[in-house]
Enquirer: 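Next up is a structure, given as structure tokens.
Just so it is clear, the values below take in all heavy atoms, side chains as well, and ignore hydrogens, waters and symmetry mates. Chain letters run A, B, ... following the sequence lines, proteins first, then strands; residues in each count from 1.
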There are 2 protein chains.
Amino acid sequence: MEPIRDRILDACEALIRRHGPAKVSVVDVARALGMSHANLYRHFPSKEALREAVVERWLGSVSTPLAAVAQQPDPAPERLAGWVRALAAAKEAKILAEPELFAAYEALAEAHRGAVERHLAELHGQLAHILAEGVAEGSFAGEAGALARAVLAATSAFHHPHMVRTAGGGPDRAAALEAVLALLLKGLRLP
Amino acid sequence: MEPIRDRILDACEALIRRHGPAKVSVVDVARALGMSHANLYRHFPSKEALREAVVERWLGSVSTPLAAVAQQPDPAPERLAGWVRALAAAKEAKILAEPELFAAYEALAEAHRGAVERHLAELHGQLAHILAEGVAEGSFAGEAGALARAVLAATSAFHHPHMVRTAGGGPDRAAALEAVLALLLKGLRLP
DNA sequence: CAAGTGACAGATTTTGAATATTGTCATTAG
DNA sequence: CTAATGACAATATTCAAAATCTGTCACTTG
């Protein structure tokens with residue numbers, strides 16, 4: 001039997017999937033689990049905390065698979081390109097497949113920056129790891145942490161939730177990402 | 001006497017400034033001008049068309065001054081950096097001056113993708129002009145149009161309304177723009 | 001005592017009838 | 001013929017009353 005906390009998150013996520021984030025009340029989640037809503041407050045201090053936990057788990061499903069990409073044995077330049085492509089593809093797929101959950105994430109991101117900041121810090125860490133190895137092996141020039149921030153900023157059009165959602169997919173978009181990646185990879189090489 | 005079309009736009013913009021875009025009706029605009037609302041429909045086919053015209057004029061106040069920067073006699077690399085800095089500074093200045101008006105325009109712009117597309121096309125044209133001269137004088141390598149799209153995408157964190165508004169200014173932000181610009185300028189040089 | 005509950009107060013959301021708005025048109029005024 | 005208008009139908013928005021929701025607590029249950 002799954003821990004109660006995870007079963008609550010599962011039920012909440014399923015309801016958000018089906019009815020959209022605005023229509024899901026704590027009472028609904030409790031009813032789906034056959035318990036009183038008061039009991040839910042034994043496991044989460046508030047509705048906001050519950051929703052944030054759902055979002056955090058969902059963000060983890062983006063950043064966790066990326067960690068494997070960041071550890072691959074390729075040379076740093078190819079690894080960096082692969083990592084950015086994987087990040088952009090993951091966000092795009094999530095948004096197209098689960099617009100309701102994504103709306104919940106965006107709404108929470110406005111109110112509570114916490115989950116998002118942790119997610120961004122995780123992404124920055126992975127990217128800095130690739131860049132540090134690139135600097136060590138002589139492919140890149142600069143300070144890995146600063147370069148990671150610059151690469152994240154320069155590719156935000158392809159992974160920032162709001163940008164991905166309003167842009168909508170398409171082949172032009174993939175081509176644009178390749179063009180930006182080509183510029184960045186040339187810019188990262190030693191002078 | 002200003003043309004009637006401009007006086008209507010002025011009145012509409014003033015009301016949006018004072019009350020926000022959601023609270024401005026066609027009747028309000030007509031009353032501010034001392035005419036019947038029916039007469040407004042002689043000059044604009046719909047309320048949406050009127051609001052789009054307001055947005056378009058506002059976007060023009062960003063892109064028109066930039067045209068001068070794009071024509072300066074500097075070498076292409078410095079001109080490109082100056083142009084991007086000017087674009088980012090213009091957006092940031094507008095948000096600092098009147099954050100709630102900026103939010104109003106962002107909401108309107110989301111609803112009127114057409115006006116935004118034209119604005120982006122104008123910016124793309126200016127940037128492609130700089131890049132084409134850079135290619136001609138041997139500073140840059142590639143096709144100007146494609147490079148312009150890549151540079152716009154890679155700097156969108158610093159000029160896209162939503163990114164500028166949610167990020168909030170600060171010295172870190174200026175440093176981040178410089179880091180991205182440095183990467184891009186190195187990437188644009190001949191291989 | 002660990003897990004859970006019903007009842008409750010205060011805040012929020014829904015609902016539907018009253019009001020306002022959009023867009024059209026026949027008509028007026030010059 | 002042009003600029004403008006009042007009256008109007010259809011749609012959208014407000015607002016207050018009713019319903020629902022969030023979060024707490026004293027209390028049961030095993």
Side-chain angles (χ1 to χ4, degrees), chain A residues 1-57 100-101 103-112 114-115, chain B residues 1-56 100 103-105 107-115:
Chain A
M1 179 64 117
E2 235 177 341
I4 183 66
R5 203 190 132 91
D6 288 333
R7 288 200 299 132
I8 294 172
L9 289 181
D10 289 343
C12 186
E13 188 172 315
L15 285 173
I16 288 174
R17 263 196 166 76
R18 180 166 302 137
H19 299 108
K23 295 291 182 184
V24 177
S25 74
V26 175
V27 174
D28 291 334
V29 177
R31 187 165 40 225
L33 291 161
M35 58 172 64
S36 72
H37 80 276
N39 192 40
L40 248 155
Y41 284 87
R42 303 189 128 291
H43 301 282
F44 293 92
S46 70
K47 181 188 188 178
E48 285 307 297
L50 169 58
R51 304 202 332 160
E52 182 161 354
V54 171
V55 167
E56 198 138 33
R57 197 171 68 157
E100 288 82 14
L101 259 190
Y105 157 67
E106 260 196 311
L108 263 175
E110 301 285 329
H112 303 293
Chain B
M1 176 67 115
E2 234 177 342
I4 182 66
R5 203 190 132 91
D6 289 333
R7 288 199 300 134
I8 294 171
L9 289 181
D10 290 343
C12 188
E13 189 171 318
L15 286 173
I16 288 175
R17 252 195 170 73
R18 183 166 305 137
H19 300 112
K23 296 287 184 187
V24 177
S25 74
V26 174
V27 173
D28 291 335
V29 177
R31 187 165 39 226
L33 291 160
M35 57 171 65
S36 73
H37 81 276
N39 192 40
L40 261 169
Y41 285 88
R42 303 182 79 46
H43 300 282
F44 293 92
S46 70
K47 182 189 189 179
E48 286 308 294
L50 168 59
R51 307 220 297 181
E52 181 159 356
V54 172
V55 169
E56 198 135 34
E100 116 284 325
Y105 273 111
L108 285 178
E110 298 279 342
H112 297 287
R113 220 88 260 294

Enquirer: Any idea which of D:dT5, C:dG6, C:dG23 is nearest the A:Ala38 side chain?
Expert: C:dG6
Enquirer: Can you tell me if the side-chain N/O atoms of B:Lys23 get under 4.0 Å from OP1 or OP2 in D:dT14?
Expert: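 It does, given that an N or O in the side chain of B:Lys23 lies less than 4.0 Å from OP1 or OP2 of D:dT14.
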Enquirer: Can you check the A:His19 NE2 to C:dT13 P distance for me, whole Å?
Expert: 18 Å
Enquirer: Find the distance B:Phe44:CZ to D:dA4:P and express it as a whole number of Å.
Expert: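 Going from B:Phe44 (CZ) to D:dA4 (P), I get 13 Å.
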Enquirer: Assign each of A:Pro45 and B:Leu40 to its nearest nucleotide of DNA chain D by heavy atoms, then name whichever residue's nucleotide is nearer the 5' end.
Expert: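 The residue whose closest nucleotide sits nearer the 5' end is B:Leu40.
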Enquirer: Need to verify one output field. Residue with the more 5' nearest nucleotide on DNA chain C, A:Gly34 or A:Ala22?
Expert: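 It is A:Gly34 whose nearest nucleotide is closer to the 5' end.
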Enquirer: How would you label the contact of A:Val27 with the nucleic acid (heavy atoms, under 4.0 Å): base, sugar-phosphate, or nothing?
Expert: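 Since a base atom lies under 4.0 Å of A:Val27, the category is base.
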Enquirer: Grab the two heavy atoms, one from A:Val24 and one from A:Lys47, that are nearest each other, plus how far apart they are.
Expert: O-NZ, 3.3 Å
Enquirer: Determine the minimum heavy-atom distance between A:Ser46 and A:Tyr41, stating which atoms define it.
Expert: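 For A:Ser46 versus A:Tyr41, the nearest heavy atoms are CA-CE2, 4.0 Å.
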Enquirer: From C-beta outward on A:Lys47, which listed nucleotide comes closest to its side chain: D:dG23, C:dA3, C:dT22?
Expert: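 Selected nucleotide (nearest to the side chain): D:dG23.
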Enquirer: Test salt bridge (charged side-chain N to carboxylate O under 4.0 Å, His left out) on A:Asp10 and A:Arg5; report intermediate values, then the result.
Expert: CA-CA 9 Å; A:Asp10 289 343; A:Arg5 203 190 132 91; over 6 Å; no
Enquirer: In whole angstrom, what separates B:Met35's CE from D:dG6's P?
Expert: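 In whole Å, D:dG6 P and B:Met35 CE are 12 Å from each other.
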Enquirer: Looking only at side-chain atoms of B:Tyr41, point me to the closest of C:dG23, C:dG4, D:dA4.
Expert: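 Among C:dG23, C:dG4, D:dA4, the one nearest the side chain of B:Tyr41 is C:dG23.
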Enquirer: Could you tell me whether the side chains of B:Asn39 and B:Ser36 share a donor-acceptor contact shorter than 3.5 Å?
Expert: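 Their side chains do not contain a donor-acceptor pair, so the 3.5 Å distance test is not met.
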Enquirer: Once you round it to whole Å, what is the distance between P of D:dG23 and CG of A:Leu50?
Expert: 10 Å
Enquirer: Please report, rounded to the nearest Å, how far the P atom of C:dG4 is from the CG atom of A:Leu33.
Expert: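 Taking CG of A:Leu33 and P of C:dG4, I get 10 Å after rounding.
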Enquirer: Just the rounded figure in Å: distance from P of D:dC21 to CZ of A:Arg51.
Expert: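 Result: 14 Å.
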Enquirer: Take B:Asn39 and A:Arg31, find for each the nucleotide of DNA chain D with the closest heavy atom, and name the residue whose nucleotide sits nearer the 5' end.
Expert: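 Nearer the 5' end of the strand: B:Asn39.
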Enquirer: Using atom CD1 of A:Ile4 as one end and atom P of C:dG4 as the other, report the distance to the nearest whole Å.
Expert: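 After rounding, the gap between these two atoms is 6 Å.
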Enquirer: Do B:Arg31 and B:Val27 have side chains that get closer than 4.5 Å, going by heavy atoms?
Expert: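 Yes, their side chains come closer than 4.5 Å.
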Enquirer: Can you check the B:His37 NE2 to C:dT21 P distance for me, whole Å?
Expert: 10 Å
